[in-house]
Amino acid sequence: QVQLVESGGGLVQAGGSLRLSCAASGRTFSNYAMGWFRQAPGKEREFVAAVSWSGGRQYYADAVKGRFTISRDNAKNTVYLQMNSLNSEDTAVYYCAAKGVIYANVVITVSDEYDYWGEGTQVTVSS
């Protein structure tokens, strides 16, 4: 069992930046591929970014490519999402997710494939 707790959300003006963190506990964090998803009001949850458990591979949704960066620190059991050049369309609840994997460079972009989810953190971008 893995417990995930997101933090770092808040209110930011358009063009600003935020860094989200997701702290994991319970199992060996480095054996888990990690992802960030978001859900805006009235919309379905969507993929944002994913990172392999090695940290060596990342994958991004087109909507955030070039603006967001996912990274992880396995020694701290934490995954991060650096968000720059935020706009109103980034307003959503952001969730991190974990999936136990065997291979070091697997990235997972499909929400149904993840086993564990955090409670989410709200990001609001004002225009």
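Throughout, residue positions are numbered sequentially from 1 according to the sequence presented.
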### Query
Is there a donor-acceptor pair under 3.5 Å between the side chain of Asn84 and the backbone N or O of Phe68?
no
### Message
By the salt bridge (Lys or Arg N to Asp or Glu O under 4.0 Å) test, which pairs, at least two apart or in different chains, include something from residues 44-64?
### Response
Arg38-Glu46, Asp62-Lys65
### Task
Flag yes if Tyr95 and Tyr59 sit in one hydrophobic cluster, no otherwise; membership is Ile, Leu, Val, Met, Phe, Trp, Tyr, and two members link when side-chain heavy atoms are under 4.5 Å apart.
yes
### Distance-minimising heavy-atom pair for Val48 and Val64
O-CG2, 3.5 Å
### Query
Which atoms form the tightest heavy-atom contact between Tyr114 and Ala50, and what is the distance?
OH-CB, 3.9 Å
### Task
List the steps and the verdict of side chain to side chain contact (heavy atoms under 4.5 Å, CB included) for Gln82 and Ser17.
CA-CA 7 Å; Gln82 177 67 44; Ser17 299; 3.9 Å; yes
#### Entry: Sequence-distant partners of Phe47, ring-ring contact (aromatic ring centres under 6.0 Å, His included), two or more places apart
Phe37
### Message
Do Val123 and Leu20 have side chains that approach each other closer than 4.5 Å (heavy atoms only, starting at C-beta)?
### Response
yes
### Evaluation steps, side chain to side chain contact (heavy atoms under 4.5 Å, CB included), between Asp90 and Arg67
CA-CA 11 Å; Asp90 297 316; Arg67 300 188 298 123; 2.8 Å; yes
#### Entry: Reported OH-to-CD distance for the pair Tyr116 and Gln3, which is rounded to 0.5 angstrom
8.5 Å
### Message
Tell me the closest heavy-atom pair linking Ser127 and Ala14, and the distance in Å.
### Response
CA-CB, 4.2 Å
### Check against side chain to side chain contact (heavy atoms under 4.5 Å, CB included), Cys22 and Met34
CA-CA 10 Å; Cys22 174; Met34 301 294 294; 4.3 Å; yes
### Message
I'd like to know whether CD of Glu119 has more than 12 heavy-atom contacts from other residues, nucleotides or ligands below 6.0 angstrom.
### Response
no
### Query
Sub-3.5 Å donor-acceptor pair from the side chain of Glu6 to the main-chain atoms of Gly120, do we have one?
yes
Sequence neighbours excluded and cut-off under 3.5 Å, please list the side-chain donor-acceptor pairs for residues 96-108, or say none.
from   : atom 1 : to    : atom 2 : distance (Å)
Asn105 : OD1    : Ser54 : OG     : 2.8

### Query
Which pair of non-hydrogen atoms, one from Ser126 and one from Leu11, has the smallest distance, and what is that distance?
CB-CD1, 4.2 Å
### Query
Are Arg72 and Trp53 side-chain neighbours, meaning at least one heavy-atom pair lies under 4.5 Å?
yes
## Note on the structure
One should read off an interatomic distance between Asn31 CG and Asn74 CG, to the nearest 0.5 angstrom, of 9.0 Å
### Query
OG of Ser25 to CD of Gln1: how many Å apart, nearest 0.5 Å?
9.5 Å
### Task
Please report the shortest heavy-atom distance between Ser21 and Trp36, naming the atom on each side.
O-CH2, 3.7 Å
### Task
Start with the C-alpha gap between Tyr80 and Thr69, add the side-chain angles, then the distance that decides, and say whether side chain to side chain contact (heavy atoms under 4.5 Å, CB included) holds.
CA-CA 8 Å; Tyr80 304 97; Thr69 302; over 6 Å; no
#### Entry: Val51 side chain near Val79 side chain, heavy-atom distance below 4.5 Å
yes
### Query
So which of Ile70, Leu18, Thr121 actually passes side-chain contact (heavy atoms from CB on, under 4.5 Å) with Leu81?
Ile70
### Message
Test your reading of the model: is there a side-chain donor-acceptor pair from Thr91 to the backbone of Glu89, 3.5 Å cut-off?
### Response
no
